[in-house]
Amino acid sequence: MPNCFKKTLFALAAALSFVSFILIVIAMGTQKWMTGKILCKTGADLVNATDPELVKFIGDIYYGLFQGGKVRQCGLGGRRSKFTIFPHLVKKLNASLHVMILIFLCVAISFALVSFGFCILNAIKVPYRAIKGPAGICLWNLLAGGFTALAVSSFIASVKLHRLTERIANFQENVFQFVILEEQYESSIWLCVASATSHVVNLLLIAVSGVRFPEFRTKTEEATVTAEDIMY
């Protein structure tokens with residue numbers, strides 16, 4: 001049986017693994033991975049708009065891994081619209097990269113749950129196999145955090161290198177052309193960063209659990225032998 005200190009560390013590691021699982025699920029289900037400001041370039045060019053007038057042609061856009069929305073400002077007031085990534089919009093994007101992001105996150109969820117289970121096992125008893133012990137927990141946390149980091153890096157690459165926001169903003173736009181004025185990463189992507197960070201903390205906890213601290217023992221009082229003890 002693990003001692004009380006190790007039980008506490010493994011229980012905390014289990015809690016962090018479960019929190020990581022929840023964070024990724026929430027991040028995948030929300031629509032706020034990226035927000036931005038979009039300029040209706042066609043409308044602004046038609047009226048030869050100057051800087052004060054450009055406000056009438058600046059709209060908003062937001063999206064996640066599955067859906068999003070935008071507000072088109074082309075001089076006639078804002079028009080809201082929503083869109084879904086699958087099955088039509090993904091064809092206009094880098095489909096393979098977008099699917100890889102989803103796969104990375106799903107794999108990270110799986111390893112986070114495996115880490116959670118193994119942490120519970122180690123808090124209850126000492127496993128007889130190394131893969132089920134601290135070494136295994138380190139492996140699962142390393143994989144979960146690594147795949148989460150890969151997903152975040154791939155999303156950033158898709159935004160910066162493949163102009164993801166611009167492609168989404170101009171989806172099904174036959175008349176107007178939109179350019180991106182501003183992009184900002186939102187809460188969902190930071191949830192994934194927090195998830196990866198929790199696995200790094202888990203690695204530190206497991207490392208601490210393997211440290212052998214010196215045991216402090218109190219000195220026992222020396223027994224004194226008296227004449228009466230010898231008689232009896």
Side-chain angles (χ1 to χ4, degrees), residues 16-41 54-74 77-113 144-173 176-201:
L16 286 174
S17 296
F18 189 74
V19 167
S20 171
F21 160 74
I22 295 297
L23 289 177
I24 297 177
V25 171
I26 294 174
M28 291 182 69
T30 55
Q31 304 176 17
K32 289 296 181 72
W33 279 65
M34 178 69 71
T35 59
K37 298 289 184 181
I38 54 176
L39 171 67
C40 181
K41 187 174 183 298
L54 285 178
V55 179
K56 299 179 181 179
F57 298 92
I58 297 176
D60 301 299
I61 187 170
Y62 66 91
Y63 59 90
L65 298 179
F66 297 99
Q67 56 186 347
K70 65 181 179 180
V71 179
R72 300 165 71 252
Q73 294 277 7
C74 294
R79 294 181 57 186
R80 296 181 179 272
S81 61
K82 292 186 177 182
F83 52 83
T84 56
I85 304 296
F86 295 94
H88 304 296
L89 180 54
V90 72
K91 298 177 182 178
K92 300 293 183 180
L93 311 177
N94 189 326
S96 59
L97 183 58
H98 196 81
V99 172
M100 286 301 296
I101 294 171
L102 297 176
I103 292 175
F104 287 153
L105 290 176
C106 290
V107 173
I109 286 175
S110 301
F111 283 126
L113 288 177
F147 276 105
T148 305
L150 281 174
V152 172
S153 302
S154 299
F155 182 79
I156 294 174
S158 182
V159 171
K160 297 299 183 182
L161 302 180
H162 298 278
R163 298 175 299 145
L164 180 63
T165 307
E166 184 176 337
R167 293 189 181 192
I168 292 177
N170 288 287
F171 178 64
Q172 290 184 339
E173 294 289 349
F176 298 102
Q177 180 186 2
F178 292 90
V179 295
I180 308 304
L181 298 180
E182 178 185 317
E183 290 177 314
Q184 183 175 352
Y185 298 108
E186 288 298 331
S187 57
S188 296
I189 196 168
W190 297 117
L191 290 178
C192 291
V193 174
S195 172
T197 304
S198 69
H199 290 293
V200 174
V201 175

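- Between Ala169 and Ile180, the shortest heavy-atom contact is CB-CD1, 4.2 Å.
- With hydrogens and angles ignored, the 3.5 Å screen pairs a side-chain donor or acceptor of Ser154 with a backbone N or O of Leu150.
- Under the side-chain hydrogen bond (donor to acceptor under 3.5 Å, both in side chains) criterion, Lys160 pairs with no residue, sequence neighbours left out.
- A 6.0 Å sphere centred on CZ of Arg167 holds more than 12 heavy atoms belonging to other residues, nucleotides or ligands.
- Listed by chain and number, the residues in a side-chain hydrogen bond (donor to acceptor under 3.5 Å, both in side chains) with Thr30 are Ser188 (sequence neighbours excluded).
- The shortest heavy-atom contact between Gly69 and Phe83 is N-CE2, 3.4 Å.
- One distance of note links SG of Cys192 with CG of Leu23; it measures 8.5 Å at 0.5 Å rounding.
- Within the model, atoms CZ of Phe178 and OG1 of Thr165 stand 14.0 Å from one another, a figure rounded to the nearest 0.5 Å.
- Taking each heavy atom of Ala112 and Ala144 in turn, the nearest pair found is N-CB, 3.9 Å.
- One distance of note links CD1 of Ile38 with CG of Asp60; it measures 7.5 Å at 0.5 Å rounding.
- With Trp33 as the fixed residue, the ring-ring contact (aromatic ring centres under 6.0 Å, His included) test singles out one of Phe155, Phe66, Tyr63, Tyr62: Phe155.
- The one candidate from Val107, Val152, Ile109 that meets the side chain to side chain contact (heavy atoms under 4.5 Å, CB included) condition with Phe147 is Val107.
- Summarising the local packing, NE2 of His88 is surrounded by 12 or fewer heavy atoms from other residues, nucleotides or ligands at distances under 6.0 Å.
- In this structure, the side-chain hydrogen bond (donor to acceptor under 3.5 Å, both in side chains) partners of Glu173, at least two apart in sequence or on a different chain, are Lys70, Arg72.
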After noting the C-alpha distance and the side-chain angles of Ile168 and Leu93, does the key distance pass the side chain to side chain contact (heavy atoms under 4.5 Å, CB included) rule? CA-CA 8 Å; Ile168 292 177; Leu93 311 177; 3.9 Å; yes
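- Summarising the geometry, atom CZ belonging to Phe104 is positioned 9.5 Å from atom OG belonging to Ser153; distances are rounded to the nearest 0.5 Å.
- You'll find the ring centres of His98 and Phe86 inside the 6.0 Å limit.
- The distance from the OG atom of Ser81 to the CZ atom of Phe171 is 10.5 Å, given to the nearest 0.5 Å.
- Between Cys106 and Met28 the shortest heavy-atom distance is SG-CE, 4.2 Å.
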Derivation and outcome, side chain to side chain contact (heavy atoms under 4.5 Å, CB included), residues Leu161 and Asn94: CA-CA 10 Å; Leu161 302 180; Asn94 189 326; over 6 Å; no
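- Nearest heavy atoms, Thr84 versus Leu89: O-CB, 3.4 Å.
- What you find for Gln184 and Met34 is that their closest heavy atoms are O-SD, 3.1 Å.
- Between the CG atom in Asn170 and the CZ atom in Arg163 there is a gap of 9.5 Å [rounded to 0.5 Å].
- When atom types are taken as modelled, the side chain of Ser195 and the backbone of Leu191 share no donor-acceptor pair closer than 3.5 angstrom.
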